[in-house]
Amino acid sequence: MYKRQANELYISQSAVSQAIKQLEEKLNTKLFFRSTKHVQLSEAGTLLFTHVEQAFHFLKTGERSINELHSLEQGELKIGASDTICKYYLLPYFKQFNLLYPKIKLNITNRPSPVCVDLLKKGLVDISVVNLAAEKLYPGMTISKCKMLHDAFVASSAFAHLQSLRLVLKDIAALPILTLEKNTTTRTFLDSMFAQHNLPFEPEIQLGSVDLMIELTKIGLGVSFISKEYIQKELADNQLFTLPLTTDIPPRELGIMTHDYLPVPLAAQKFIELL
């Protein structure tokens with residue numbers, strides 16, 4: 001009676017018969033009407049079949065999605081990074097990744113680096129590309145350093161009289177300074193630098209955008225502290241210049257961060273390889 005089903009399942013006919021019997025006993029209802037030649041679903045069996053059939057297709061769809069995901073034919077890549085890092089570092093890699101894997105959706109969360117670290121801790125992103133805080137440990141995270149940043153105090157022609165001088169950090173503290181707002185890695189680094197020299201630090205303007213800070217510096221509203229890698233064009237065009245400083249400013253680094261206790265999806269692995 002159950003020969004075809006047994007062959008499809010690669011088990012014996014008696015095993016099929018026993019499984020159906022156990023299911024009927026568990027549900028306390030007849031699922032099939034049996035005769036010597038035919039087996040037909042009962043009303044209860046028909047009702048159960050509609051649910052089982054749907055569940056079966058869901059499982060098969062899930063299996064197919066996983067296979068497609070591993071072949072980069074479907075899926076999503078969640079990245080945490082600041083606006084600045086996206087614009088000045090990641091933008092060409094976004095383009096390259098999209099050309100290589102057009103069916104993978106890029107989901108980019110733009111937040112300051114400390115927030116991006118927290119997003120990764122909570123598993124809300126697959127990877128974060130962040131400004132690494134000096135001498136800070138990131139337990140539970142794996143970090144691949146990918147780019148050096150060289151910070152400088154920069155100004156426009158409104159401060160041209162400072163170009164011929166040799167300035168100390170105390171001289172900088174007396175100038176109108178434009179900075180990023182608190183709770184950013186760059187601002188924390190700057191605060192720490194002035195604190196190490198026992199100097200008061202009171203910014204003239206605090207901003208949430210590096211791009212706006214650059215524009216305000218260009219029109220002469222103050223001196224800003226920014227990575228030279230982000231103002232190559234402005235330096236080359238003499239719209240901005242770096243202030244000559246006797247104090248060495250240590251370089252900082254960008255890092256690609258992954259969570260030690262969460263699997264790194266294949267799409268994220270491929271993106272890291274590009275970087």
Side-chain angles (χ1 to χ4, degrees), residues 81-89 110-118 128-139 143 145 147-235 238-255 257:
S82 69
D83 290 340
T84 306
I85 292 174
C86 285
K87 177 178 179 179
Y88 294 101
Y89 178 53
N110 302 113
R111 297 291 186 276
S113 288
V115 177
C116 289
V117 174
D118 288 336
S128 285
V129 183
V130 300
N131 284 306
L132 298 174
E135 300 180 358
K136 181 176 180 179
L137 299 177
Y138 297 93
I143 299 169
K145 297 177 180 179
K147 185 176 179 64
M148 299 290 292
L149 297 177
H150 301 86
D151 298 302
F153 290 99
V154 301
S156 70
S157 57
F159 296 87
H161 61 284
L162 300 176
Q163 281 185 286
S164 60
L165 304 178
R166 293 289 290 170
L167 303 173
V168 295
L169 203 56
K170 186 177 180 179
D171 298 325
I172 300 292
L175 297 171
I177 300 177
L178 315 181
T179 72
L180 291 176
E181 59 193 3
K182 286 185 175 294
N183 301 320
T184 61
T185 304
T186 300
R187 174 61 185 275
T188 300
F189 180 79
L190 188 59
D191 288 344
S192 176
M193 185 166 61
F194 277 93
Q196 287 173 9
H197 290 81
N198 298 313
L199 292 171
F201 180 54
E202 298 179 2
E204 185 79 10
I205 301 176
Q206 301 180 67
L207 302 157
S209 164
V210 168
D211 285 343
L212 182 56
M213 186 168 66
I214 291 171
E215 295 304 316
L216 294 183
T217 305
K218 284 162 61 175
I219 64 173
L221 291 192
V223 170
S224 67
F225 182 77
I226 190 169
S227 298
K228 288 186 282 187
E229 286 75 11
Y230 301 154
I231 51 171
Q232 293 294 319
K233 182 178 183 299
E234 287 80 5
L235 292 174
N238 296 316
Q239 294 176 292
L240 296 174
F241 66 91
T242 60
L243 296 177
L245 191 66
T246 58
T247 305
D248 289 330
I249 301 175
R252 294 185 296 138
E253 292 176 300
L254 294 184
M257 193 174 289

Report the C-alpha distance between Leu240 and Phe159 in whole Å, list the side-chain angles of each, state the deciding distance to 0.1 Å, and finish with yes or no for side-chain contact (heavy atoms from CB on, under 4.5 Å).
-> CA-CA 10 Å; Leu240 296 174; Phe159 296 87; over 6 Å; no
When you look at Leu221 and Glu204, which way does the side-chain contact (heavy atoms from CB on, under 4.5 Å) test go after all the steps?
-> CA-CA 9 Å; Leu221 291 192; Glu204 185 79 10; over 6 Å; no
Please report the C-alpha distance between Asp83 and Val210 in whole Å, then the side-chain angles of each, then the deciding distance to 0.1 Å, and finally whether the side-chain contact (heavy atoms from CB on, under 4.5 Å) criterion is met.
-> CA-CA 8 Å; Asp83 290 340; Val210 168; over 6 Å; no
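Distance check, rounded to the nearest 0.5 Å: CE of Met148 to OG of Ser227 gives 10.5 Å. Distance check: Leu190 CG to Ile177 CD1 gives 6.5 Å after rounding to the nearest 0.5 Å. Note: Leu175 CG to Ser224 OG = 11.5 Å, rounded to the nearest 0.5 Å. With rounding to the nearest 0.5 angstrom, the SG atom of Cys116 is 10.0 Å from the CG atom of Asn131. The line from CZ of Phe201 to CZ of Phe225 is 9.0 Å long, rounded to the nearest 0.5 Å. Remark: Glu253 CD to Leu132 CG distance equals 6.5 Å, nearest 0.5 Å.
Considering every non-hydrogen atom in both Gln163 and Pro244, the closest pair reads O-CG, 3.6 Å. Closest approach of Ala173 to Phe194, counting heavy atoms only: CB-CE2, 3.7 Å. Residues Asp151 and Ile249 approach most closely at O-CD1, 3.9 Å, considering heavy atoms. In this structure, Ser113 and Thr185 approach most closely via the heavy-atom pair CB-OG1, 3.5 Å. Taking every heavy atom of both residues into account, Ile172 and Leu245 meet most closely at CG1-CD1, 3.8 Å. Closest non-hydrogen pair, Leu180 versus Gly208, comes out as CD2-C, 4.3 Å.
At most 12 heavy atoms of other shown residues, nucleotides or ligands fall within 6.0 angstrom of atom CD in Glu202. Within a 6.0 Å radius of CZ in Arg187, other residues, nucleotides and ligands contribute more than 12 heavy atoms. The local environment of CG in Asp118 is crowded, with over 12 non-hydrogen atoms from other residues, nucleotides or ligands closer than 6.0 Å.
For the residue pair Asp211 / Tyr88, a side-chain donor-acceptor distance below 3.5 Å is found, with atom types taken as modelled. In this model, a donor atom of one side chain and an acceptor atom of the other lie less than 3.5 Å apart for Thr186 and Arg252.
Under the side-chain hydrogen bond (donor to acceptor under 3.5 Å, both in side chains) criterion, Ser82 pairs with no residue at all, not counting sequence neighbours. Phe189 is linked by a ring pair (Phe, Tyr, Trp, His ring centres under 6.0 Å) to nothing, counting only residues two or more places apart in sequence or in another chain.
A donor-acceptor pair under 3.5 Å links the side-chain atoms of Thr246 to the main chain of Leu167, judged by distance alone. The main-chain N or O of Thr188 is never found under 3.5 Å from a side-chain atom of Ser192 such that the two would form a donor-acceptor pair. For the pair Gln239 (side chain) and Leu235 (backbone), a donor-acceptor distance under 3.5 Å is absent.
Note on residues 160-183: pairs passing salt bridge (Lys or Arg N to Asp or Glu O under 4.0 Å), not counting sequence neighbours, are Lys182-Asp191.
Between Phe153 and Thr247, the closest side-chain pair of non-hydrogen atoms is not below 4.5 Å.
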